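Below you'll find the structure, written out as structure tokens, and then a few comments.
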Amino acid sequence: MSKESNNGIPTDSEVILGILNNSESVLKRLYVAYFPMVLQLIINNNGDGDEAKDIYQEAIIILYNKVKTGDFELSSKLKTYIYSVCRRLWLKRLSQMNRYGGDIKDFQEYLSVDDETEKNNERDIQFNKMGDALKLLGEPCKTIIEDFYINNRSMQDICDSFGYTNADNAKTQKYKCLQRLKKLFFQQ
Amino acid sequence: MSDNQLLETIEKYLNGGMTKEERARFEILRNENPDINDKVAEHKHFTGLIKQYGERLELEKRLDAIHKEIDVEALEDEFMIHPSGIVRLWRNHHSKISVAASIAIFAVLCTLFFTGYLSNRESNYIQLRDVVNKTVKTVNQLKNTVNGMKQRSNPGDFRGTGFAITANGLIATNYHVIENADSVYVQNAAGKSFKAKVLLSEPANDVAILKIVDTSFRNLEPIPYTLKRAESDLAESVYTYGYAQDSPVYGDGKLTSANGLSGDSLDYQISIPINPGNSGGPLLDSRGNVIGIIQAKQSLMEGVHFAVKASYLLNAVDSLDKKVSLNNKNILANLNTVQQVKKLKNYIFMVKVYGK
């Protein structure tokens, strides 16, 4: 029984628990289970496989963040939720590209999910700005910042791998890097 | 304290790396100093954003890795709603098809133009047999029910006009009126129908002679008009009287040509406004002689109509097996048109034809 549930479509509560526990296998099973449905929606409505991937991953990320922050309430089947988010995202994308012909071929039932995609949109803008700022920051600052703030490495570690003579120098460097990053981020 | 040091302190505070006393001291400092408080909040938010950004990148990498294991192309093939062959053919080749179609149409038009097909030298010809539509039938049925009339109310599949040539019930009409008939009825001005049979038909001259065989038929008064064998003259005033609609209609005009379409000597050409249903009606001159049978109208020119010359009807009558004595006393000659038409009324019949 456990073997079966490890390969097939995960149940909705399995998915929620799996995301909360950072389970790689549940994420994978979730992804594999519903991608065909979304692919079908997109390629039959003026899109291609790459666009289906973008939209689907955006929806998975929305679901993932909602579960992680604890404000996900399963009010419908997860399948319906994912389909609805993808449908909403794709309609938005189509109208941005002026490719929306006024009707959409549907393959599943769907719900109205406006506000969730909006919230995600704002966060995406912030992340894009952060990505751009880090790129502009250049090395070695980028790596120092990423190592310290994202990968949680200690100053001592960083000091060693960059060959700084003492930790104070590394700290000063990190401080300067952070100030520059803030400047780049808020300038955009 | 320099900015550098302050930042380090803030980080230490946020990471929980302070001792209890340090923490308490910093919190007092933070509460007293709104500048520092803002800095703490700002730093927390910004580093949080960096952290979330990192997590997002990480998640995207994981999703990409999963995605690589899916055979997207196979799925695409499976889920694509394939348009039918003809639609695909159109999508792939619509420009070529359009050009080919344009050339074909152009070629056809050129051919028609150069062969003279587009000029209207050969104009068409509509025979005036009336196809009675269902609405009319229904309306008539209703009307008849309301009036409580007992007689047959079905107006027939086709309808034309006929006129008596003998008092005992010989009726002349057009062959095309009774063509393909299964049964024929004639209806008099009082609305009474009689069964008739086709005694003689001459498709070549478009002449037919019917005989009323209904037992309820009583002989008519002597026929008031005569059939005129001699050809009439151009510009003679002529008129007709027939069932272009449910009640008899009178129409007059002139005899405009001694020959019909393309010089056909069978017909007179006349300028009487006539309509489907007039077919088979008599064409009379001002002295009450029947000079022809209304036959057809030309479809392209308004007001040009044709009537079979009476001499062909007379020939047909002569060819009947049983000798028929036609009336040779015209009692209409000295009457004016109004009086003539009044007399005619009882001798003109609506011919109702039921198809096979």
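Convention: sequence-line order gives letters A, B, ...; per-chain numbering from 1. Just so it is clear, the structure is predicted and the values come from calculations on it, not from any experiment.
By the neighbour-count criterion of 12 heavy atoms within 6.0 Å, atom NZ of A:K28 is sparsely surrounded, having that number or fewer from other residues, nucleotides or ligands.
With a 4.5 Å cut-off on non-hydrogen atoms, A:L181 touches chain B through its backbone and its side chain both. Heavy atoms closer than 4.5 Å to chain B are found in the side chain of A:L39, but not in its backbone. Using a 4.5 Å cut-off between heavy atoms, A:Y56 does not touch chain B at all. Proximity to chain B (any heavy atom under 4.5 Å) is shown, for A:L27, by both the backbone and the side chain. Of the two parts of B:I50, the backbone and the side chain both hold a non-hydrogen atom closer than 4.5 Å to a non-hydrogen atom of chain A.
Between A:F186 and B:F46, the ring planes lie tilted relative to each other; the angle falls in the 30° to 60° range. Ring pair B:Y53/A:F127 is tilted by interplanar angle, where 30° to 60° counts as tilted.
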Inset, instruction - Quick one: do A:Q57 and B:D64 satisfy side chain to side chain donor-acceptor pair (under 3.5 Å)? Show the steps, please. - result: CA-CA 9 Å; A:Q57 292 195 352; B:D64 275 346; 3.1 Å; yes
Inset, instruction - Apply the test side-chain contact (heavy atoms from CB on, under 4.5 Å) to residues B:L57 and A:I150: give CA-CA distance (whole Å), side-chain angles for both, the deciding distance (0.1 Å), then the verdict. - result: CA-CA 10 Å; B:L57 282 188; A:I150 297 175; 6.0 Å; no
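When the candidates A:Q126, A:E146, A:K171, A:K176 are compared by the number of heavy-atom contacts under 4.5 Å with chain B, A:K171 comes out ahead. In terms of non-hydrogen atom pairs under 4.5 Å with chain A, the most contact-rich of B:H43, B:K51, B:H67, B:E69 is B:H67. Chain B forms the most heavy-atom pairs under 4.5 Å with one residue out of A:A133, A:G49, A:G131, and that residue is A:G131.
Of all heavy-atom pairs spanning B:R62 and A:N22, the tightest one is NH2-O, 4.4 Å.
By the 4.5 Å heavy-atom criterion applied to side chains, A:Y31 and B:I70 are counted as neighbours.
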